[in-house]
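This chain uses plain numbering: 1 for the first residue, then up along the sequence. Ligands are counted one by one from 1 in listed order, and the atoms in each one are counted from 1 as well.
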Amino acid sequence: MRWPERLAALALAAAAAVAQGTPDAAALYQTHCASCHGADRLGGMGPALVPENLGRLSPEKAARVIAEGRAATQMPAFGDRLGADEIEALARWIFAPPPAPPAWDAARIEATRRVLVPPERLAKAPRHGADPLNLFVVVELGDHHISILDGDRLEVIARLPTPRAVHGGPKFSPDGRFVYVASRDGWIIKVDLWGLERVAEVRAGINTRNLAVSDDGRYVMVGNYLPHTLVVLDAADLRPLRVIPVVGRDGTSSRVSAVYVAPPRGSFIAALKDVREIWEIPYSSRAEALPVYEGPMHDYRADSGEAPPLAEGAFPVRRIPVGTFLDDFLFDPEYRFLIGASRQSRTARVVHLAVGREIARIDLPGLPHLASGITWRWRGRRVMATPNLREGVVTVVDLQDWKVVRRISTLGPGFFLRSHEKSRYAWVDVFFGKDRDVVQVIDKERLEVAATLRPAPGKTAAHVEFDRHGRYALVSVWDMDGAVVVYDARTLQEVKRLPMRKPSGKYNVWNKITRSEGTSH
Ligand code: DHE
C-alpha cells in the first residue's frame, strides 16, 4: 500500500477506535508523552511521533515500547502507569496523521538553530596528533554517538554525542576539517575535526533522508520526506538560506529520497520518491558553463507568484523527466551519467545529465542498492558494481555499453560494497539472512568471491570502509556489544578490534574528500 492510502487507512482505524469509546488517546498523549515528544508530535527530547516517522515500527512494536520503555534511551516504561487498552489506543493513535499537516518553514528551522562554538573560538590547529586526513568518523547507532578514529594508530581519539538515528553518510567540507551529520528526525550537526567538538546544530526537517555538501564548501542541502522540501543551509553556521518546496511539474508534491552533490557540474542532484523527475539544483556559476541541452532551469518561486530573478543564491531547479520513479542513484566518476534504480522495474535507468534524458537501461533485477555502488578499471574498461537488497548477488556492469559483465553470487542480499584504488578486493556484507554475520571479499580482477570472513559469529557484520592508504579494511559488528574489526586489506588477517555500541557506517576523510572510486559519495 502506498503511503497516502496507508495514512488514510490508519486515520480511519483511529477514527473507528474513538467511535467505539476506546480510551482518549489524544488526552493520554498530552498527559504522558507531550513533554518529550512535543505537543504537536513533531519531537523534542524524544523522536517525532507522526506516521511518516514511524515507518520502521508497527503499532504492535510501538505498544511494546510504550509498555516496556526502550533500552539505552530516555524512553521510560509506562506499563505500570497505563492500562493495556490505554497503551494500545496510544500506539494506534500515533500512527494516525495529525489534524493539520506539520509545517517546517525557514522560521521554524531558524528557531532550532544553535551555534555552539562561534568562529573566533574555533581551534587554530588540530587538537590531536593524528593525520587529519586519515581520520574515520564512525557512527555508533547503539548509544547515539560518533567516534573519531585515528586511521594510522587505529585508536579512538574522541567520542561525541549525536541526535538519535543518524542515517545516510555524514559529509565532509572540501578540506576535510568539518563533518555534517544528519538524523532521521531532521537534526543536522556540524562537527569540527580539529577541535573535536560540535560547533552548530539545526533541525532542517521533521523526517530527513540525508544531506550533501557543495564542493565549494558553502552550502549544505538537506532532503526531507516530511515536509516535502529541500533545505539549503549556510555551511558556516547552518543558517537556513532557502526552503524549496518539492512539487512535480504536474503539481504532485513529493518526498525527497536523497540528495547528492555533482562537483564537476556545480550542482546538487535530488532523487524524488513520488514524481517521475530528477531535480538538478546548481549552486555555482560553474554550472552555467556546462552544456545543458534540455530541461531549462525553473525558478520554483515562480509557482507561488514570487519574483523570479535568477540571482546569486536563487537555487533554480532543472527538472529532468524520467520514465519511472528513480529513488536510488550512482554517478559515473565524471558525473556525466546518473544510474538510477527503480523499485518498480527490473531495469536500472541511465540518464545523461547534460542531455537531460534516459539513454540506456541496465538489466538489474531485485533491488540493487546503487547508493552503495563503486567503480574500478577492469581490463581497460571502467565497470561499476552494486550489491542487491533482495538477492544474494553483486552485479558488475560495463560503464561503456551498460551491459552486465558478471553476476557474482554471494551468501545473501547485501547492503554495502566498498573498495579502494590500492586494493585488489571489494568487500560486501551479507546483511540479510542466516549468513548475515559474514562479509565476502571479491577479487576485482577475477570477479569472484576470494574469501569469506566471519568477524563475530552470530552477529551482523556490515559496512566496510578503507583507510586513506588502502592498508586496512574496517568492518562493523552491528551489535550493542559490537566492535569495529580492522583487517589487513592485503592478507585479510584481523589486526585489531575496537569495542563499539552498534557501529553502523564509518567514513574516512581522505577517501570521501578525494571521491575515492571505492566508496560512496
Ligand atoms: Fe540507508 C545511506 C536509503 C535503510 C544505513 N541509505 C543511504 C543512502 C540512501 C539510503 C539513499 C545514501 C545517502 C547518503 O549516504 O547520503 N536506507 C535507505 C533506504 O531507502 C532504506 C532501505 C529504508 C529507510 O528506511 O531509509 C535504508 N540504511 C537503512 C538501514 O536500515 C540501515 C542499515 C541502518 C540505519 O541507519 O537505518 C541504513 N544508509 C545506511 C548507512 C548509509 C546509508 C550506514 C551510509 C553509507 C555510506 O557509506 O555512505
Under 6.0 Å between the ring centres of W427 and Y487?
yes

Less than 4.0 Å is my threshold; does some heavy atom of K506 fall inside it relative to ligand 1?
no

As an exercise, identify every atom of ligand 1 less than 4.0 angstrom from a heavy atom of V166.
36 (O)

Tell me which protein heavy atom sits closest to atom 27 (C) of ligand 1, plus the residue, atom name and distance to 0.1 Å.
H167 NE2, 3.8 Å

One finds that the ligand 1 atoms under 4.0 Å from a non-hydrogen atom of H463 are 46 (C), 47 (C), 48 (O)

Nearest non-hydrogen atom to atom 21 (C) of ligand 1 belongs to which of R209, H369, K273?
R209

Closer than 3.5 angstrom, by distance alone: can the side chain of N388 be matched with the main-chain N or O of L367 as a donor-acceptor pair?
yes

Among all the protein's non-hydrogen atoms, which is closest to atom 32 (C) of ligand 1, and how far away is it?
F415 CZ, 4.2 Å

When rounded to the nearest 0.5 angstrom, what is the spacing between CG in N134 and CG in D131?
5.0 Å

Going by atom types alone, do Y283 and D215 pair a side-chain donor with an acceptor below 3.5 Å?
yes

How are the rings of H463 and F416 set relative to one another: parallel (under 30°), tilted (30 to 60°) or perpendicular (over 60°)?
perpendicular

Polar proximity ligand 1 side, Y260 side, N/O cut 3.5 Å exclusive
no

Please report which non-hydrogen protein atom sits nearest to atom 16 (O) of ligand 1, along with the residue it belongs to and the distance in Å to one decimal place.
K171 NZ, 2.6 Å

Hey, is R418 one of the residues with a heavy atom under 4.0 angstrom from ligand 1?
yes

Between the candidates A165, G168, S520, which shows the shortest non-hydrogen contact distance to atom 2 (C) of ligand 1?
G168

Please check whether G169 reaches ligand 1 - meaning an N/O of the residue sits under 3.5 Å from an N/O of the ligand, judged on distance alone.
yes

Purely on distance, is any nitrogen or oxygen of D328 under 3.5 Å from one on ligand 1?
no

So, 4.0 Å and heavy atoms of E465: is ligand 1 close enough to count as a contact?
no

Examine Y507 together with F136 and report whether their ring centres are nearer than 6.0 Å.
no

Starting at CH2 of W478, measure out to CZ of F415 and round the result to the nearest 0.5 Å.
7.0 Å

Atom 44 (C) of ligand 1: closest protein heavy atom, distance to 0.1 Å, is Y507 OH, 3.4 Å

Does at least one non-hydrogen atom of F329 fall below 4.0 angstrom from an atom of ligand 1?
no

For the residue pair S284 / D216, report whether a side-chain donor-acceptor contact shorter than 3.5 Å exists.
no

Has the side chain of D332 got a donor or acceptor atom that lies under 3.5 Å from a matching backbone atom of R336?
yes

